[in-house]
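The sequence lines fix the lettering, A, B, ..., with proteins before strands; numbering per chain opens at 1.
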2 protein chains.
Amino acid sequence: MTYSIGQVAKKLGLTTHTLRYYDKEGLLPSVHKSSSGLRVFTEKDLEWLIIIECLKGCGMSLKDIKHYIDMCMQGDETILERLEMFKKQKEHLVLQMQQLKEYMEKIDYKIAYYTEAAKRGSIDAVQYNKCLMKEKERIFGQTIKNLTEDDDN
Amino acid sequence: MTYSIGQVAKKLGLTTHTLRYYDKEGLLPSVHKSSSGLRVFTEKDLEWLIIIECLKGCGMSLKDIKHYIDMCMQGDETILERLEMFKKQKEHLVLQMQQLKEYMEKIDYKIAYYTEAAKRGSIDAVQYNKCLMKEKERIFGQTIKNLTEDDDN
DNA sequence: CTTAATCTTAAAGTAAACTTTAAGTTATAA
DNA sequence: TTATAACTTAAAGTTTACTTTAAGATTAAG
């Protein structure tokens, strides 16, 4: 089973322009051309693209992704470096997930805050909900305290 | 307790340039100026900046963040719109967290893959680890199947 | 056979979120 | 008092990851 550039674009939610751009940038070294010059994508190429998307989604730049692809092309001598790269990415991802959890706490607080404001009819009245105020202290107080601990004054 | 622009920059890991830029863009309407024209930041302003960072970290553009700030300045008539905004952000955040989990699966697979390659001394030899191959099928097979279901062919 | 898709190169354009430069003025801390 | 930090406006520059345009040539699908 093989795919045209248009089919792949559709599958992955990219444009054909973007795929050719990736190809030009050296991110798709495994994509072959048919005798008539058309790009032919295999399942393997889809896997590559899925990994590219994964690394991109983790915040890696195309330049660094290209470095990874280059290592893959180089062969077995880069196995350890590739392993290290993914270990570092994992650490990064763990931090990102932690970060998102903290954002979630703040957003949940804001939802509770504005729900209360809607119920009471005004922002000013929210302060009378002691429970919410305690929650606010917990979330922002802690964050600000962390900041204060971080600096050197 | 108040803070100078430099102290705030240090606390939040921004530059004074960035803070003035935010101010110019209307993201810091609550920051006052001293009689001599210096920006004076309060705890309240730190909270604003923490929320800005939160929304930015969730992927919201400065333009949309400004829209939120503008709503806050408008008063109680925007309470419901603000509530909706945070509810939408929460949904978005849930998807992001789900996404990161899927990335984590792929990265964990790659770590296992390269660990095995390192142990066996070559990429080619990894295929003999049936367990890993099954894992690969589970992770990529599923992702590709999802893609295939998504399109209209 | 015709239409839609693909190919090429090469260059210019875009958007976001800053960053830098310039160049002079004023304020605060040690 | 002196060095460091803050202030101003305004404009230009940077980076990333595309997107768009042009313009013709070729190919595949119905």
Check ion pair A:K136-B:E47 (N to O, under 4.0 angstrom):
yes
With a 4.0 Å cut-off on N to O distance, would you call A:K88 and A:E91 a salt bridge?
no
Looking at B:Y103, is B:K106 sitting on its ring face, NZ or CZ under 6.0 Å from the six-membered ring centre and within 45 degrees of the normal?
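Judged by the rule, B:K106 and B:Y103 form no cation-pi pair.
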Ring-face cation of B:K24 near B:Y21 (centre distance under 6.0 Å, axis angle within 45°)
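Pair B:K24/B:Y21 does not count as cation-pi.
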For A:S4, which contact category applies under a 4.0 Å heavy-atom criterion: base, sugar-phosphate, or nothing?
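Touches sugar-phosphate only.
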How close or far is atom [atom2] of [N] from atom [atom1] of [X], stated in whole angstroms?
{"X": "A:R20", "N": "D:dT21", "atom1": "CZ", "atom2": "C1'", "value": "14 Å"}
{"X": "A:I5", "N": "C:dC7", "atom1": "CD1", "atom2": "C1'", "value": "9 Å"}
{"X": "B:L19", "N": "C:dC18", "atom1": "CG", "atom2": "C1'", "value": "12 Å"}
{"X": "B:I65", "N": "C:dA16", "atom1": "CD1", "atom2": "P", "value": "13 Å"}
{"X": "B:E25", "N": "C:dA16", "atom1": "CD", "atom2": "P", "value": "11 Å"}
{"X": "B:Y22", "N": "C:dC18", "atom1": "OH", "atom2": "C1'", "value": "8 Å"}
{"X": "A:K24", "N": "D:dC18", "atom1": "NZ", "atom2": "P", "value": "12 Å"}
{"X": "B:D23", "N": "C:dA17", "atom1": "CG", "atom2": "P", "value": "17 Å"}

Closer than 4.0 Å, any side-chain N/O of [X] to the OP1 or OP2 of [N]?
{"X": "B:S34", "N": "C:dA27", "value": "no"}
{"X": "B:K33", "N": "D:dT8", "value": "yes"}
{"X": "A:R39", "N": "D:dT27", "value": "no"}
{"X": "B:K56", "N": "C:dC18", "value": "yes"}
{"X": "B:T16", "N": "D:dA5", "value": "no"}

Looking at every non-hydrogen atom in both residues, tell me the closest pair between B:L28 and B:L19 and how far apart they are.
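So the minimum-distance heavy-atom pair works out to CD1-O, 3.6 Å.
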Atom of A:F140, atom of B:I51 and distance for their closest heavy-atom approach:
CZ-CD1, 3.7 Å
On DNA chain D, compare the nucleotides closest to A:L38 and A:H17; which residue's is nearer the 5' end?
A:H17
On DNA chain D, nearest-nucleotide positions of A:S36 versus A:Y21: which is more 5'?
A:Y21
What distance do A:F86 atom CZ and B:I111 atom CD1 have between them, rounded to the nearest 0.5 Å?
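So the gap between those two atoms works out to 8.0 Å.
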Through what angle, rounded to 10 degrees, does the axis of the helix from C:dC1-D:dG30 to C:dA30-D:dT1 turn between its ends, using five pairs per end?
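Axis-to-axis angle, ends of the helix: 40°.
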Hey, which of these two, A:V40 or B:K63, hits DNA chain C nearer its 5' end, going by closest nucleotide?
A:V40
